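To start, the structure under review is shown below, and the notes come after it.
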Amino acid sequence: VQLQASGGGLVQVGASLRLSCEVPGRTSYYGIGWFRQAPGKEREFVAAISYSGYSKYYSDSVKGRFTISRDNTKNTVVLQMNSLKPEDTAVYYCAADRSRLSQGEGYYKTSSTYDYWGQGTQVTVSS
């Protein structure tokens with residue numbers, strides 16, 4: 001499964017960006033997570049949505065600013081990012097979990113949970 005992440009770019013502080021993760025086949029088969037990695041730092045969890053779409057999880061650093069949603073008719077999961085800050089600068093990756101298990105927050109926040117990864121899209125927030 002080849003995930004396709006897109007929508008990154010260079011924006012000013014306070015701006016918004018909308019990242020998309022296109023999932024071949026049916027997105028409803030997969031739990032989807034977004035992670036990011038800044039230069040010199042480890043990859044970190046950003047947000048996730050369960051395969052059912054009923055459960056959504058966010059890191060504390062983005063809670064209230066980012067929203068994850070899925071459009072199964074378009075096989076796409078969207079990460080809407082508002083009020084962007086310089087510390088949001090990173091390469092953003094989407095990933096898919098094929099287990100279709102109803103797991104809790106800790107499961108989705110762990111990168112090893114995911115079976116497939118996209119190539120990443122760069123987000124740069126300048127001040």
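Predicted model only: the values in this text are computed from it and were never measured.
Judged by the 6.0 Å distance and 45° axis criteria, R98 is not positioned over the aromatic ring of Y29.
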Report task. Please report the C-alpha distance between F66 and Q80 in whole Å, then the side-chain angles of each, then the deciding distance to 0.1 Å, and finally whether the side chain to side chain contact (heavy atoms under 4.5 Å, CB included) criterion is met. Result -> CA-CA 5 Å; F66 291 11; Q80 178 66 43; over 6 Å; no

Query raised in the report: Under the side chain to side chain contact (heavy atoms under 4.5 Å, CB included) criterion, do L17 and L84 qualify, and how do the steps go?
Result: CA-CA 8 Å; L17 277 175; L84 283 163; 4.1 Å; yes

Query - side chain to side chain contact (heavy atoms under 4.5 Å, CB included) between K74 and E22, intermediate numbers included - result: CA-CA 8 Å; K74 298 181 180 179; E22 184 176 349; over 6 Å; no

Report task. Give the C-alpha distance, both sets of side-chain angles, the deciding distance and a yes or no for side chain to side chain contact (heavy atoms under 4.5 Å, CB included) between W117 and Q2. Result -> CA-CA 7 Å; W117 290 81; Q2 186 65 43; over 6 Å; no

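Here the straight-line distance linking atom CZ of R36 with atom CD of E44 works out to 4.5 Å at 0.5 Å rounding. Here the CG atom belonging to N75 is positioned 12.0 Å from the OG atom belonging to S20, to the nearest 0.5 angstrom. In this structure, S111 OG and E42 CD are separated by 9.5 Å, a value rounded to the nearest 0.5 Å. Note: Y116 OH to L3 CG = 9.5 Å, rounded to the nearest 0.5 Å. Atom-to-atom distance recorded for S69:OG and I49:CD1 is 6.5 Å, nearest 0.5 angstrom. Of the inter-residue distances, the one linking L19 atom CG with T76 atom OG1 reads 12.5 Å to the nearest 0.5 angstrom.
Ion pair D88/K85 not flagged as a salt bridge, since none of the NZ, NE, NH1 or NH2 atoms sits closer than 4.0 Å to an Asp/Glu carboxylate oxygen.
A side-chain donor from one of S16 and N82 sits under 3.5 Å from a side-chain acceptor of the other. Side-chain contact annotation: E87 with T89, donor-acceptor N/O pair under 3.5 Å absent. S50 and S52 share a side-chain donor-acceptor pair at under 3.5 Å. If you check the side chains of Y30 and D115, you find no donor sitting under 3.5 Å from an acceptor.
Side-chain N or O atoms of R43 include none that pairs as donor or acceptor with a backbone N or O of Q37 at under 3.5 Å. At distances below 3.5 Å, not a single donor-acceptor pair connects side-chain atoms of E105 with backbone N or O atoms of K109.
Taking the side chain as every heavy atom from C-beta outward, L79 and V77 never approach each other to under 4.5 Å. Residues Y92 and F35 are not in side-chain contact: their nearest non-hydrogen atoms beyond the backbone lie 4.5 Å or more apart. Taking 4.5 Å as the limit, some side-chain heavy atom of S126 sits within range of a side-chain heavy atom of Q12.
For I68 against I32, the heavy-atom pair with the smallest separation is CD1-O, 4.0 Å. The heavy-atom pair separating P86 from S127 by the smallest distance is CG-CB, 4.2 Å. Shortest non-hydrogen contact noted between Y114 and G33 is CE2-N, 3.5 Å. Of all heavy-atom pairs spanning V62 and V46, the tightest one is CG2-O, 3.5 Å.
Among the candidates Y51, Y58, Y57, F45, the single residue satisfying the ring pair (Phe, Tyr, Trp, His ring centres under 6.0 Å) test with Y108 is Y57.
Following chains of ILVMFWY side-chain contacts shorter than 4.5 Å, one cannot reach V123 starting from L10, and the two form parts of different hydrophobic clusters.
Within a 6.0 Å sphere centred on CZ of R18, heavy atoms belonging to other residues, nucleotides or ligands number 12 at most.
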